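Notes for the one structure printed next.
No experiment lies behind these values; they were computed from the predicted model shown.
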Amino acid sequence: DRFYSGSECGVDVVRRFTGRPGLCIPDGADSDVLSPAQPDGPRPIGVFNIGRRSPVTHAALQAHAAATDELYYFDTSKVSVVPDHVAHRRLYGALMQRTDVAIANPAWFDDPVRGPYGELPLRYFEGLSAGCILLGAPPRSDLLERAFGRPDVVHAAPADLPDVADRLAALRRDPDAVVAERARNMAIGRRRIDWAHRYAGLLADAGLPEPPALA
């Protein structure tokens, strides 16, 4: 009868092939896993940067970490098998809760074919829910507005950022502003992008009642 897609650019394609109405429902985040129990707790991970990454920014972050002893967390291998997905997500959430700045770029930003679509990756949703400060190349601002209620959730910077150390220093210059931004981001996670809101939107579009547990 209807279809739902997490990919905005896929909706028109599927609609054309099936002849059925469809709707894009953006990704979400499990704020129970990602939001820290103590919002003002320590964040010993200076920068979190996993998945697709710019080699320019990555090299600059490694140099910055070596020069300052700041912890820079990045993935060093690609694992195709996850024996326990619950443990994996809880560990991932624990790392993000302890992260100061998370690098966030559009999905496939370095892919010449898929990159121009500018889809929203999970990094934005997860980073906001965990209260991270997001730094990266934002996608089309209307996508951010629709998904998060405001277009400025990411501190805009090119994906290739050789002066990333200077950008980090600028972000951290006003500690009170950082605290306020963390609180704002976690509130967006709870009030807008938790998976509960996604399920509620799907049920509402389908004309189905919300079950009590969802409420």
Side-chain angles (χ1 to χ4, degrees), residues 27 29-31 33-79 88-111 115 118-139 144 148 151-189 193:
D27 275 321
D30 187 342
S31 55
V33 170
L34 288 158
S35 294
Q38 297 180 330
D40 56 351
R43 291 183 177 260
I45 299 175
V47 181
F48 188 94
N49 184 21
I50 67 166
R52 290 176 181 267
R53 60 178 177 242
S54 157
V56 174
T57 305
H58 179 56
L61 284 169
Q62 287 181 298
H64 173 67
T68 62
D69 203 30
E70 178 173 296
L71 178 56
Y72 168 42
Y73 185 87
F74 57 93
D75 48 342
T76 56
S77 65
K78 301 299 180 185
V79 179
H88 169 74
R89 293 303 299 175
R90 292 203 175 278
L91 175 59
Y92 181 89
L95 291 169
M96 294 213 79
Q97 290 172 11
R98 291 159 176 81
T99 292
D100 182 24
V101 176
I103 303 296
N105 292 306
W108 310 304
F109 72 92
D110 57 352
D111 185 315
E119 292 281 356
L120 289 176
L122 279 169
R123 293 297 163 270
Y124 294 94
F125 300 89
E126 295 164 338
L128 287 171
S129 286
C132 302
I133 305 301
L134 300 187
L135 174 67
L144 294 178
F148 307 117
D152 59 349
V153 294
V154 183
H155 289 270
D160 294 331
L161 197 58
D163 64 339
V164 65
D166 294 336
R167 295 297 185 105
L168 292 174
L171 287 177
R172 295 162 174 164
R173 195 164 290 140
D174 185 347
D176 291 338
V178 170
V179 170
E181 187 168 342
R182 289 200 199 291
R184 180 204 74 185
N185 289 353
M186 284 185 277
I188 291 173
I193 61 176

Stepwise side-chain contact (heavy atoms from CB on, under 4.5 Å) check, D40 with Q38: CA-CA 5 Å; D40 56 351; Q38 297 180 330; 4.2 Å; yes
Audit row: R53, D75, side-chain contact (heavy atoms from CB on, under 4.5 Å) steps and yes/no: CA-CA 10 Å; R53 60 178 177 242; D75 48 342; 3.0 Å; yes
Test side-chain contact (heavy atoms from CB on, under 4.5 Å) applied to N105 and R52, step by step: CA-CA 9 Å; N105 292 306; R52 290 176 181 267; over 6 Å; no
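With no hydrogens or angles considered, a side-chain donor-acceptor pair links Y72 and N49 at under 3.5 Å.
Using a 4.5 Å cut-off on side-chain heavy atoms (C-beta onward), L120 and P139 make contact. With a 4.5 Å cut-off on side-chain heavy atoms, L134 and E181 do not count as touching. Looking only at side-chain heavy atoms (C-beta outward), V101 and R172 come within less than 4.5 Å of each other. In this structure the side chain of L171 never reaches within 4.5 angstrom of the side chain of V178, judged on heavy atoms. When side chains are defined from C-beta on, M96 does not count as touching P36, because their heavy atoms never get closer than 4.5 Å. In this structure, L61 and L168 have side chains that are in contact, with non-hydrogen atoms separated by less than 4.5 Å. Two residues are said to be in side-chain contact when any heavy atoms from C-beta on lie closer than 4.5 Å; L161 and S54 fail this criterion. Side-chain contact between V47 and F74 is absent, with no heavy atoms from C-beta onward closer than 4.5 Å.
Annotation for R90: atom CZ does not count as buried by contact number, only 12 or fewer foreign heavy atoms lying within 6.0 Å. Annotation for D69: atom CG does not count as buried by contact number, only 12 or fewer foreign heavy atoms lying within 6.0 Å.
Between Y124 and F148, the ring-plane angle classifies as tilted under the 30° and 60° cut-offs. The aromatic rings of F48 and Y73 sit parallel to each other, their planes meeting at less than 30°, with 60° as the upper class boundary.
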